[in-house]
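Side-chain atoms are counted along with the backbone in the values below, which use heavy atoms only and exclude waters and symmetry mates. Note that the structure is a prediction, hence the values are computed from the model and not measured. Proteins come first, then strands; the chains are lettered A, B, ... in the order of their sequence lines, and each starts at number 1.
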Amino acid sequence: MSSIHQHKDDPLHSLRHSAAHVMAQAVLEKFPEGKIAIGPAIERGFYYDFDLPRPLTPEDLEQIEARMREIIAEGHGFIYQEIDEQEARQLFADQPYKIELIEDILARGTDEYGEPMKGPPALSIYRHGPFIDLCRGPHVDNTKEINPDAVKLLSVAGAYWRGDERRPMLQRIYGTAWKTAKELEEFLDWQEEVAKRDHRRLIKDLDLISFHEEGGAGLAYWHPRAGRMRVIIEDDWRKRHLEGGYEIVFTPHIGRANLWETSGHLDFYKDGMYAPMDIDGQEYYIKPMNCPFHIMIYKSRLCSYRDLPLRWAELGTVYRYERSGTLHGLMRVRGFTQDDAHIFCTPGQIEDEILRTLDFSLDLLRGYGFEQFKIELSVRDPNTPEKYAGADAMWEQAEASLVKALEARQIDYERMEGEAVFYGPKIDIKIKDALGRAWQCTTIQFDFNLPERFDMTYVGEDGREHRPYMVHRALLGSLERFFGVLVEHYGGAFPVWLSPVQAQIIPIADRHLEYADQVAQRMRAAGLRVEVDRSGDRMQAKIRNAQVNKVPYMLVVGDREIEAGQVNLRRRDGEKAGALSVDDFIALAQEAVAERRLL
RNA sequence: GCCCACGUAGCUCAGUCGGUAGAGCACACCCUUGGUAAGGGUGUGGCCAUGGGUUCAAAUCCCAUCGUGGGCUCCA
């Protein structure tokens, strides 16, 4: 996970951090008995956590924001001062959270956000006007440098002290600050655009996917239109996997407890699994992962090195318990289908397989119009090698193969020290959408744990048994989440090849219906997804409806078109291409599909 | 799970101090037969999330549950 804390050298950082201090001052004036916790600058703003006698209301925020503008106008300088422990304890005697931070800084050399500090522990404060905060800075020189027209408080949320659910729940005020009012305006516009593209809104408006209170939280229902899209995505996925040297497998949704005992899931992942069901006196669990099943297939016969590599893929539907507060539309659900695969290979094949998987994944994702990626290489924490399964040599080889693949393709990546899971290093690929937001999709991870636990072997050239390498990978991640990302990326206006309805035929009057049906039939025979608007609406309303549904092509047919055997094309982007023959339209649409164009 | 907020017709929402409900869209029917983003009329539709409680009286107040949202946390 990338740090939400903004880089300290960003010029906006000190501005926002200073705004957080000003906000804290305003809050403490309103609630003199309030306790302050921490208040950093974040990616697009800042926040500060408080322990207050009562919940904050939107009106409180308005008042606090107004007071902030006054404080800014008062023009206080930010004054830095290093202090010793005794002074610190005295200054913050009635601020227990600050005292805890002071103790941590001195004891562990971590800063106020729990991150290790460079150099010897040192305590410093920043003071502006009457407000003093334990703080390393940096800050602007004077509150006047904060533009009062470019600051806005956004929301209040609960947040545990130090992110620990056993600690007190604090109130966090989020705000944003920019250099100019124009930048603030742009940020607010951006937020509005984000809201407009919210997949939770669009899957409802476009009749794609629903959730049901009666059916249970976090469980998605795919409607026919989304079903069409999913079939296209799955067919494309299968085709590419078969071309890419994968075999497709299918495995059960439930498995006996001993399977999950062997895999270690019941030891390490039980909280994520649903309660077992009793079948003939045996406990069965619904699967949270597909791996043990693929391993069962592997173990169903003796495997020779000549058989390797094996690449087995499955659109495997899994169910995981996610805490209620974490559910979020399609992005975080309790039941989802992974485009999962496991690669079993010899140590000598690892490099090839990793490179191949990386290429395969990027190619697949590019097919959906994603061009920008954020790639993370997660490796072990070198300080705690005992926390990891698998021999050092394997970790080193695995990591080398991942690095080599990334470098072979000259891909920029971020090395995440200590972010590897205990069973192996991994590469994660996040795709960047049209609004620049990164979404986790692909994960390619080594697994040094399961081959051991299941005692997987293959017979080598030497006639002896060897342990295969196992790589677990999901490229789209979960179909549910990927679908949600697609909806947000395109704002519901999908490229033609994905659009549930590619062309809407709009008869001007009822007497044109027969021709509309004929035309639709020809188009369907050519493989296009076409609907005829048979409502009693006027043409204008029919166009509007198609437009609102983001149908790529609208084909108006009336007397003139019937006469000429044509359709009159209007595109979703408002371009009126005019009349053309049915065959010409079919060719045009087929080309857009083949090239995966937007229109 | 936790803090805060919210849940009224299929959808988006209104509903004052407690006196058992409204609009627009959608849908149905009728009129309109049209030329590139909403033609007109009539009508159907609500156990006010669910279950308790307070009250003469609850959409409205209280409690619990379910669901949703903003976050925290988690996501081997």
Side-chain angles (χ1 to χ4, degrees), chain A residues 1 4 47 49 51-52 54-58 154-174 195 198 200-201 204-205 207 210-219 263-265 267-273 288-289 291 320-329 331-334 378 387-389 419-424 426 428 440 443 445 447 449-450 472 477-478 481 506-513 535-549 554-561 568-572 574-579:
Chain A
M1 211 176 93
I4 56 167
Y47 68 79
D49 288 344
D51 193 346
L52 300 175
R54 65 163 173 86
L56 290 163
T57 64
L154 300 171
S155 60
V156 190
Y160 298 107
W161 168 234
R162 309 210 114 176
D164 185 337
E165 60 190 286
R166 292 163 305 191
R167 313 292 306 268
M169 176 68 73
L170 307 174
Q171 295 192 72
R172 172 172 299 177
I173 304 179
Y174 281 94
D198 190 326
R200 293 167 300 181
R201 170 86 263 135
K204 202 185 256 192
D205 288 348
D207 191 17
S210 56
F211 291 90
H212 298 274
E213 189 176 336
E214 302 92 316
L219 302 168
S263 72
H265 285 96
D267 284 335
F268 299 113
Y269 195 66
K270 199 166 198 285
D271 288 349
M273 295 170 71
M289 292 183 191
C291 344
R320 299 179 184 176
Y321 173 72
E322 300 287 355
R323 296 202 289 177
S324 58
T326 66
L327 299 174
H328 183 86
M331 300 307 185
R332 188 155 211 86
V333 289
R334 284 178 172 161
S378 296
K387 274 177 26 191
Y388 300 92
E419 287 296 308
V421 287
F422 78 90
Y423 52 75
K426 62 173 179 174
D428 289 327
Q440 163 87 54
T443 183
Q445 18 186 276
D447 193 328
N449 185 44
L450 290 181
H472 171 109
S478 109
R481 160 183 284 215
I506 296 172
I508 289 179
D510 284 352
R511 66 171 183 278
H512 307 124
L513 264 171
S535 72
D537 291 333
R538 302 183 63 188
M539 182 203 63
Q540 276 83 342
K542 290 175 182 172
I543 285 173
R544 180 169 193 278
N545 287 335
Q547 193 75 41
V548 166
N549 286 317
M554 286 153 263
L555 302 171
V556 176
V557 296
D559 294 334
R560 300 207 290 262
E561 287 72 24
N568 202 309
L569 173 62
R570 177 205 161 95
R571 308 198 319 177
R572 176 174 62 198
E575 186 182 307
K576 287 150 203 159

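- Asn449(A) comes within 4.0 angstrom of no nucleic acid atom, judged by non-hydrogen atoms across all strands.
- Side-chain N/O atoms of Ser324(A) include one lying less than 4.0 angstrom from OP1 or OP2 on G1(B).
- Of the listed nucleotides (G71(B), U36(B), G34(B)), G34(B) has the atom at the smallest distance from the side chain of Ala509(A).
- The base of G35(B) sits with one of its N or O atoms less than 3.5 Å from a complementary donor or acceptor on the side chain of Glu561(A).
- The partner of U33(B) cannot be assigned: no Watson-Crick or G-U wobble pair with both contacts below 3.5 Å exists in any strand.
- Residue Val421(A) is classed as a sugar-phosphate contact, given heavy-atom separations below 4.0 Å to backbone atoms only.
- Residue Val548(A) has its side chain nearest to A37(B) when only C74(B), C4(B), A37(B) are considered.
- The gap from the C1' atom of G46(B) to that of U8(B) amounts to 8 Å, rounded to the nearest Å.
- Where Met169(A) and Leu327(A) meet RNA chain B, the nucleotide closest to each residue was compared, and Met169(A) sits on the side nearer the 5' end.
- Under a 3.5 Å cut-off, the side chain of Arg481(A) and the backbone N or O of Met331(A) do form a donor-acceptor pair.
- Using a 4.0 Å heavy-atom distance criterion, Gly163(A) is classed as a sugar-phosphate-only contact.
- Nucleic acid contact class of His328(A) (heavy atoms, under 4.0 Å, all strands): sugar-phosphate only.
- Residue contacts shown for Asp271(A) are absent, as no nucleic acid heavy atom lies under 4.0 Å away.
- To the nearest 0.5 Å, the span separating CE on Met554(A) from NZ on Lys576(A) amounts to 10.0 Å.
- Counting all heavy atoms, side chain and backbone alike, Pro288(A) lies closest to Arg320(A) at O-NE, 2.8 Å.
- A gap of 40 Å separates the P atoms of U65(B) and A26(B), to the nearest Å.
- In terms of position on RNA chain B, the residue among Glu214(A) and Arg570(A) whose nearest nucleotide sits closer to the 5' end is Arg570(A).
- Between the side chain of Asp164(A) and the base of U73(B), no donor-acceptor pair under 3.5 Å is found.
- Asp51(A) places its CG atom 12 Å from the C1' atom of C3(B), with the value rounded to the nearest Å.
- Of the candidates C4(B), G1(B), G35(B), the closest approach to any side-chain atom of Glu165(A) belongs to G1(B).
- When all heavy atoms of Gln171(A) and Val156(A) are compared, the pair lying nearest together is OE1-CG1, 3.9 Å.
- Between Tyr174(A) and the phosphate of C72(B), there is a side-chain N or O to OP1/OP2 separation shorter than 4.0 Å.
- In this structure, the CZ atom of Arg334(A) is 13 Å from the C1' atom of C75(B), given to the nearest Å.
- Taking every heavy atom of both residues into account, Gly218(A) and Phe211(A) meet most closely at C-CE2, 4.1 Å.
- Put simply, CZ on Phe268(A) is 17 Å from C1' on C75(B), counting in whole angstrom units.
- Taking the P atoms as reference points, G19(B) lies 15 Å from C62(B), given to the whole Å.
- The distance from atom CG of Asp537(A) to atom P of G35(B) is 15 Å, rounded to the nearest whole Å.
- Look at the C1' atom in both C47(B) and G43(B): the space between them is 23 Å, to the nearest Å.
- Residue-level contact check: Ala157(A) touches the bases, meaning some heavy atom is under 4.0 Å from a base atom.
- Residue Tyr160(A) places none of its side-chain N or O atoms closer than 4.0 Å to OP1 or OP2 of G71(B).
- Interface remark: the Arg332(A) side chain does form a donor-acceptor pair with the C75(B) base, using a distance-only criterion of under 3.5 Å.
- With Arg570(A) as the fixed residue, the side chain to side chain contact (heavy atoms under 4.5 Å, CB included) test singles out one of Ile543(A), Leu555(A), Ile506(A): Ile543(A).
- Between Arg167(A) and U73(B) there is no side-chain N or O to OP1 or OP2 distance below 4.0 Å.
- Nearest nucleotide to the Ile543(A) side chain, out of A37(B), C74(B), G1(B): A37(B).
- Pairing for G24(B) goes to C11(B), judged as Watson-Crick or G-U wobble with the two contacts each under 3.5 Å.
- Salt-bridge formation is detected for the pair Asp164(A)/Arg166(A): a Lys NZ or Arg NE/NH1/NH2 atom is positioned less than 4.0 Å from an Asp or Glu carboxylate oxygen.
- Taking atom P on both nucleotides, G15(B) is separated from G53(B) by 29 Å, rounded to a whole Å.
- Nucleic acid contact class of Lys204(A) (heavy atoms, under 4.0 Å, all strands): sugar-phosphate only.
- Regarding Asp205(A), its CG atom lies at a distance of 17 Å from the P atom of C25(B), rounded to whole Å.
- Rounded to whole Å, the distance from CE on Met331(A) to C1' on U68(B) is 17 Å.
- Closest to the Ala159(A) side chain, of the nucleotides G39(B), C72(B), G34(B), is C72(B).
- Residue contacts shown for Met554(A) are absent, as no nucleic acid heavy atom lies under 4.0 Å away.
- For Tyr321(A), the listed nucleotide lying nearest its side chain is G1(B); candidates were G35(B), C11(B), G1(B).
- In this structure, the nucleotide among U12(B), G34(B), G69(B) sitting nearest to the side chain of Arg200(A) is G69(B).
- Residue contacts for Gln540(A): at a heavy-atom cut-off of 4.0 Å it reaches the sugar-phosphate backbone alone, with no base atom in range.
- The side chain of Arg201(A) contributes an N or O atom lying less than 4.0 Å from OP1 or OP2 of U12(B).
- As rounded to the nearest Å, C27(B) and C3(B) have P atoms that lie 43 Å from one another.
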